[in-house]
Amino acid sequence: MEEIEVPQYFICPISLQIMRDPVTAITGITYDRESIEQWLFNNNNTTCPVSKQLLPTDSDLTPNHTLRRLIQAWCTQNASLGIVRIPTPKPPLNTLQVLKLLKHLHHHKTFVQLELLALDNHRNKKCLLEAEVPRAMIIFIINCYTINHIQKGLQEALSILQFLKIPKKDWPLLVKDHDQIMDSLTWILCREGMENSVAVKSHALLLLKKIINKGDTCHVLERLKPEFFETMVRILRHGVTQQGMSAALHVLLSASSSTRNRIMMVEAGVVQEVVEIEMGAPEKRVTELTLAILFHLCCCANGRAKFLSHEGAIAVVTERILKVSAAVDDRAVFVLAMVAKFSGTKVVLQEMLKVGSMAKLCMVLQADRAKYLKDKAMEILKEHSEVWSDSPCFPRSSFCAYVPY
């Protein structure tokens, strides 16, 4: 078969393939649109691949129609050699087109179209943001809550808010302008019998995480109600997707930094549910989240009481020490420290001895861990040595071998 010689200027400098939608950057270099957009937006580069000149991500990429027609003509001339003519690319999306779509949100297919656009490429996402699609989606979600009816398009609306990278600076105003969004998401999480319920609730949890992490955190956390935490407990108990569960734990961890919220979380039953999750031996990141939540909740007396009321709580926290990560070791040792110091009855201390808490603390003394953590482990051992030292389970050799440095 005759070898086909492709003109060099038909080749994209990035993909080294024939360009299908040639565009010229402000540096004067022409690339295939897909390749240069991936270079700029997906890989977060800010320079021209060829000239190395500065190329901001918001700079224009001008369609090179002349070159595209030359490529198409060349393809047609070489059709007998197996060359397939490249199709004429569709005109790129613009903000005006999106605004026209937003006028038809009463049709479910509009939400489907917007979701597909949000999934497609950075250029589309930029147009959706410029047309204030996130605000429109939030208003739609709140409207569902206000009329107490799940409308078609809810799943897509939540999905769109996940796919669009809303600038962090825009979140506080979005939440402030639409302060019913938290109640609306809580309402969604409470609903039973929804179509695609697991997916919808997972999307709602991911949106909650974004709002708390990127919005006016203090303002949002101060407005949380007992019903919110009761709903989160039901989510933990009945489960959603793995991604949704992780988002729920992130939300609870953020909320637990407030004394006001800790009280509501304990009363709602968060401690018991978090321990139950940990009893299932979850993945590393989930364990790091659950132990961090337990640490905050055990800072209050009611939290420690709920922790101790679960017969497997001390054992599962003890078991995680030196088996998951340094972050887990930190939280687990401090949870045991608070329990031993403030709730250390004889029964509790005997339970800690029985499940191996003391042995693990002695292992921490010998492990490659931070000095402050070793000091905390030693503090616990010294404080209760009179109770534990008489037991054959108490490892005197490890206890005596520790030398602070």
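For the atom pair OG1 (Thr345) and CG (Leu308), the distance works out to 7.5 Å, reported to the nearest 0.5 Å. Between Leu236 atom CG and Ile293 atom CD1 the span is 7.5 Å, to the nearest 0.5 Å. Note that CG of Leu40 is 6.5 Å distant from CG of Leu61, once rounded to the nearest 0.5 Å. To the nearest 0.5 Å, the span separating CD1 on Ile36 from SG on Cys48 amounts to 6.5 Å. We find the CD1-CD distance between Ile138 and Glu132 to be 10.5 Å, quoted to the nearest 0.5 Å.
Evaluation of the salt bridge (charged side-chain N to carboxylate O under 4.0 Å, His left out) test over residues 86-110, restricted to residues two or more places apart or in two chains, returns none.
Residue Glu34 places its CD atom among 12 or fewer non-hydrogen atoms of other residues, nucleotides or ligands, all under 6.0 Å distant. Within 6.0 Å of atom CD in Gln242, 12 or fewer heavy atoms from other residues, nucleotides or ligands are found, so the atom counts as exposed in its surroundings. The number of heavy atoms from other shown groups lying within 6.0 Å of CD (Glu283) is above 12. The environment of CG in Asp60 is sparse: at most 12 heavy-atom neighbours from other residues, nucleotides or ligands sit within 6.0 Å. Shown here is Gln243, whose CD atom has no more than 12 heavy atoms of other residues, nucleotides or ligands within 6.0 Å.
In this structure a side-chain-to-backbone donor-acceptor pair under 3.5 Å is present from Lys360 to Glu319. For Lys210 (side chain) and Gln162 (main-chain N/O), a donor-acceptor pair under 3.5 Å exists by modelled atom type. In this structure a side-chain-to-backbone donor-acceptor pair under 3.5 Å is present from Arg262 to Ser256. Asn45 places a side-chain N or O within donor-acceptor distance of the main-chain N or O of Trp39, the cut-off being under 3.5 Å. Side chain of Lys201 to main chain of Arg191: a donor-acceptor pair is present (N/O by atom type, distance under 3.5 Å, no hydrogens or angles). Formation of a donor-acceptor pair under 3.5 Å by the Ser258 side chain with backbone atoms of Ala255 is not found in this model. A distance-only check finds a donor-acceptor pair linking the side chain of Asp329 to the backbone of Leu322 [under 3.5 Å]. Under a 3.5 Å cut-off, the side chain of Ser35 and the backbone N or O of Tyr31 do not form any donor-acceptor pair. Ser197 places no side-chain N or O within donor-acceptor distance of the main-chain N or O of Met194, the cut-off being under 3.5 Å. Checking side-chain atoms of Lys374 against main-chain N and O of Ala367 turns up a donor-acceptor pair under 3.5 Å.
For the side-chain hydrogen bond (donor to acceptor under 3.5 Å, both in side chains) with Ser325, the lone residue among Glu288, Arg331, Arg320 that qualifies is Glu288.
In this structure, the side chains of Pro87 and Gln72 stay at 4.5 Å or more apart for every pair of heavy atoms. Between Glu156 and His108 the shortest side-chain heavy-atom distance falls below 4.5 Å. Taking 4.5 Å as the limit, every side-chain heavy atom of Phe111 sits out of range of all side-chain heavy atoms of Ser159. Annotation: side chain of Leu114 is in contact with side chain of Thr110 (closest heavy-atom distance under 4.5 Å). Side-chain contact between Leu336 and Ile321 is present, with heavy atoms from C-beta onward closer than 4.5 Å. Side chains of Leu70 and Phe10 form a contact here, defined as non-hydrogen atoms less than 4.5 Å apart. Using a 4.5 Å heavy-atom cutoff, the side chains of Ile142 and Ile139 are not in contact. Using a 4.5 Å cut-off on side-chain heavy atoms (C-beta onward), Leu207 and Ile141 make contact.
Under the 4.0 Å criterion applied to side-chain N and carboxylate O atoms, Glu230 and Arg234 are not assigned as salt-bridge partners. We find that Lys306 and Glu273 are not joined by a salt bridge, their nearest charged nitrogen and carboxylate oxygen being 4.0 Å or further apart. By the 4.0 Å N-to-carboxylate-O rule, Asp330 lies too far from Arg369 to be salt-bridged with it. Ion pairing between a basic and an acidic side chain is recognised when a charged N comes within 4.0 Å of a carboxylate O; Arg260 and Glu222 show no such pairing. A salt bridge is defined here as a Lys NZ or Arg NE, NH1 or NH2 lying under 4.0 Å from an Asp or Glu carboxylate O, and Asp177 with Arg135 meets this definition.
Side-chain atoms of Thr186 and Thr231 include no donor-acceptor pair closer than 3.5 Å. Defined by atom type and a distance below 3.5 Å, a donor-acceptor pair is missing between the side-chain atoms of Gln17 and Ser15. Trp187 and Asn148 form a side-chain donor-acceptor contact under 3.5 Å, judged by distance and modelled atom types alone. For the residue pair Thr318/Ser357, the side-chain donor-acceptor check at 3.5 Å is satisfied.
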Next on the checklist: Would Asp183 and Lys225 count as a side-chain contact (heavy atoms from CB on, under 4.5 Å) here? Give the steps.
Outcome noted: CA-CA 9 Å; Asp183 289 338; Lys225 303 172 183 177; 3.5 Å; yes
Checklist entry - Is there a side-chain contact (heavy atoms from CB on, under 4.5 Å) between Val271 and His310 once you walk through the steps? => result CA-CA 9 Å; Val271 174; His310 192 298; over 6 Å; no
Next on the checklist: With side-chain contact (heavy atoms from CB on, under 4.5 Å) as the criterion, how do Thr287 and Val324 come out once you've worked through the C-alpha distance, each side chain's angles and the decisive distance to 0.1 Å?
Outcome noted: CA-CA 8 Å; Thr287 292; Val324 183; 4.2 Å; yes
Next on the checklist: Determine whether Thr24 and Thr62 satisfy the following criterion, side-chain hydrogen bond (donor to acceptor under 3.5 Å, both in side chains), listing intermediate values before the conclusion.
Outcome noted: CA-CA 5 Å; Thr24 303; Thr62 306; over 6 Å; no
Checklist entry - When you look at Lys214 and Asp170, which way does the salt bridge (Lys or Arg N to Asp or Glu O under 4.0 Å) test go after all the steps? => result CA-CA 9 Å; Lys214 299 184 178 183; Asp170 294 345; over 6 Å; no
Checklist entry - How far apart are the C-alpha atoms of His149 and Cys144, what are their side-chain angles, what is the distance that settles it, and do they pass the side-chain contact (heavy atoms from CB on, under 4.5 Å) test? => result CA-CA 5 Å; His149 177 64; Cys144 289; over 6 Å; no
Checklist entry - Given Glu37 and Arg123, is the salt bridge (Lys or Arg N to Asp or Glu O under 4.0 Å) satisfied, shown in steps? => result CA-CA 8 Å; Glu37 286 187 347; Arg123 184 177 64 255; 2.5 Å; yes
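Between Phe334 and Phe295, the two ring planes are perpendicular [angle over 60°; tilted spans 30° to 60°]. Note: His104 and His106 have tilted aromatic rings, judged against thresholds of 30 and 60 degrees for the angle between ring planes.
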